[in-house]
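Inspection log for the structure reproduced underneath, given as structure tokens.
Count residues from 1 along the sequence.
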Amino acid sequence: MGSRHWRPLLEGDLAAQAWETVGAIAQALESWSPGGPEAGQREDGVSIGGGATGRALFHGYLAHAGGPGAERHAARAEQLLEEAIEALATTPLLPTLYSGFTGVAWAVEHLGGLAGDSEEPEAGEAEEEDMNEEIDEALLTALGRSSWLGDYDLISGLVGFGVYALERFPRPSAVRCLEAVVDRLDESAEKNGQEVTWFTPPEMLTSINRERTPHGYYNLGVAHGVPGVIALLADACRLGIRQDRARPLLEGAVRWLVAQHLGERRGACYPSWVEPGIEPQPSRLAWCYGDPGIAATLLYAARAIGMGEWESTSLAIATHAASSAPEYAGVRDAGLCHGAFGLAHLYNRIYQAAGDELFADAARLWYRLGLEMRRPEGGVAGFEAWLPSRENPQSGWSPDPGFLTGAAGVGLALLAAVTPVEPEWDRLLMVAIPPRGVVPAASRAESARRHGKSTNAKRG
């Protein structure tokens, strides 16, 4: 069940508290129903970011961890995923990773391999239908148009398409998709000397962000900005995808990103974004924005293509962030995106990859702080997310069962801290940093080959 590279981090009372919380989350998510009685509940349909597919990811990993109820959780994961697949036929969805049909397809690919449905067909036996072929065709059609006018980011745009294609690698359609993503990133890049970046014009911003940055910005967050591009381009280079374009883009993007450092200070040393003509301000500490996410994606890129200088830079950024007192982090809730368990998981990932006890201590601190955020009643298993609601653009507390900001993501982070199961789900976050001497796996299929398993994952 485990990985020879991944070790449980938590022990004793903290581990026991984590396991009890995982059980409570599982119970709450098993009985969760969209439109239920919870006041102000948050539910994003079938999406992987906030909906049923993200909950399937949690149940799938809980089943993979073994123990009592594993078969029940495997069945629940399969049920949720089947419901999401069925909904694709009747529910209009955008081709985005976190809120659209591409995320559902990613989970089909990922959980198929995770569940161990990977036996090679017997002689004369037909291979099972690959439902994601239609997704590949849809993305290739969209990516075939030059002069890309959509988002370039992980959550909604080109980088997200690339993450899906990496999960499908080395299928020919996945290779073509990655090639097209690199081509579109190349066309949309701003190149200034040896630096490369991507600009987000005001018309591509949400109304709230447009009020803050009316002239557009250069985004430094993993979720919506350049760090996500860097991680994807590093994988493209490692896999030999459009090397002549991908490598100059990657090196230029790293130069640009590192140059945005604001100088040593308490808390974050990087801004969330850079707006032309405006003095940049330091970010909070999180995955979506801030130094921990930047450090993790830069370390991932360094390990992918063997860049020692980038690794040193990334670990220096991570060390400063991990050494910062919690009051300088700007954390209010528990979720993966910008909460306590997001920081805990990032520091755990970096610790497992680099071995420095500083990161282990930081991870344990944030696991403890995250568990302290749990309340006896309310939310989902006692957790609420601090988010804007559909009715009120101002932030507020709401129950959230989802992967990115809610209970499913909290549960996955806790599982990664108490089991030897490598949390390969965090390829969605682009932070699946391997140990030294091991290059990142692009897909479940690649991971299976490394562990001597078959790669014919069940789909559909």
Side-chain angles (χ1 to χ4, degrees), residues 49 94-100 102-103 139 142-143 145-164 180-193 195-233 236 245-246 248-250 252-262 268 270-284 286-291 293-294 297-298 301 337-338 387-388 393 404-405 428-430:
L94 294 172
T96 59
L97 182 64
Y98 273 73
S99 61
T102 302
L139 291 182
L143 289 167
R145 297 186 290 269
S146 59
S147 301
W148 182 257
L149 298 177
D151 293 302
Y152 73 85
D153 66 354
L154 168 64
I155 296 290
S156 303
L158 292 171
V159 175
F161 301 157
V163 169
Y164 164 74
V181 166
V182 173
D183 290 344
R184 302 293 84 81
L185 286 171
D186 186 39
E187 293 167 356
S188 57
E190 285 192 10
K191 303 168 186 177
N192 182 16
E195 294 184 354
V196 177
T197 190
W198 286 262
F199 182 70
T200 304
E203 61 269 20
M204 299 298 295
L205 299 176
T206 64
S207 57
I208 295 176
N209 282 341
R210 195 159 52 244
E211 289 178 6
R212 297 171 179 164
T213 57
H215 304 295
Y217 60 32
Y218 299 93
N219 194 297
L220 277 81
V222 180
H224 294 291
V226 175
V229 180
I230 286 172
L232 181 69
L233 289 173
R245 295 187 176 190
L249 288 174
L250 172 61
V254 171
R255 290 190 193 96
W256 180 87
L257 179 66
V258 172
Q260 307 313 309
H261 194 277
L262 298 175
Y270 282 88
S272 296
W273 54 72
V274 176
E275 185 182 5
I278 304 296
E279 183 72 20
Q281 299 300 314
S283 174
R284 61 188 171 192
W287 166 78
C288 56
Y289 288 102
D291 298 20
I294 289 173
T297 47
L298 186 55
C337 183
H338 47 259
L387 296 165
L404 188 58
T405 56
L428 274 175
L429 305 177
M430 309 199 78

Checklist line | Evaluation steps, side chain to side chain contact (heavy atoms under 4.5 Å, CB included), between Glu211 and Leu205 | finding: CA-CA 9 Å; Glu211 289 178 6; Leu205 299 176; over 6 Å; no
Where [X] and [Y] come nearest, the two heavy atoms and their spacing:
X      : Y      : value
Val222 : Leu429 : CG1-O, 3.7 Å
Asp153 : Gly225 : CB-N, 4.3 Å
Gly216 : Pro276 : O-CD, 3.9 Å
Pro282 : Ala268 : CB-O, 3.6 Å
Gly221 : Pro227 : O-CD, 3.5 Å
Arg212 : Glu275 : O-OE1, 3.9 Å

Check: Between Leu149 and Met204, does a side chain to side chain contact (heavy atoms under 4.5 Å, CB included) hold up when you go through it step by step?
Finding: CA-CA 9 Å; Leu149 298 177; Met204 299 298 295; over 6 Å; no
Heavy-atom distance under 4.5 Å between the side chains of [X] and [Y], does that happen here?
X      : Y      : value
Val258 : Tyr270 : yes
Leu158 : Leu143 : yes
Pro214 : Pro202 : no
Leu428 : Leu97  : yes
Trp273 : Ile278 : no
Pro248 : Val196 : no
Trp148 : Leu185 : no
Val226 : Tyr152 : yes

Next item on the list: Give the intermediate values and the outcome of side chain to side chain contact (heavy atoms under 4.5 Å, CB included) for residues Ser146 and Arg184.
Entry: CA-CA 7 Å; Ser146 59; Arg184 302 293 84 81; 4.2 Å; yes
Check: Please walk me through it: do Ser156 and Thr96 pass side chain to side chain donor-acceptor pair (under 3.5 Å)?
Finding: CA-CA 5 Å; Ser156 303; Thr96 59; 5.4 Å; no
Once rounded to the nearest 0.5 Å, what's the spacing between atom [atom1] of [X] and atom [atom2] of [Y]?
X      : Y      : atom1 : atom2 : value
Leu262 : Gln260 : CG    : CD    : 8.5 Å
Ile230 : Leu249 : CD1   : CG    : 11.0 Å
Cys288 : Asn219 : SG    : CG    : 9.5 Å
Leu257 : Glu195 : CG    : CD    : 10.0 Å

Note to self: Closer than 3.5 angstrom, by distance alone: can the side chain of Thr102 be matched with the main-chain N or O of Pro95 as a donor-acceptor pair?
What the structure shows: yes
Margin query: Given 3.5 Å as the limit, does a donor-acceptor pair link the side chain of Thr297 with the main chain of Ile294, or not?
Written below: yes
Checklist line | Sequence-distant partners of Arg245, salt bridge (Lys or Arg N to Asp or Glu O under 4.0 Å), two or more places apart | finding: Asp183, Asp186
Margin query: Parallel, tilted or perpendicular: which one describes the rings of Tyr218 and Trp256, with boundaries at 30° and 60°?
Written below: tilted
Item checked: Derivation and outcome, side chain to side chain contact (heavy atoms under 4.5 Å, CB included), residues Asn209 and Thr200 -> CA-CA 11 Å; Asn209 282 341; Thr200 304; over 6 Å; no
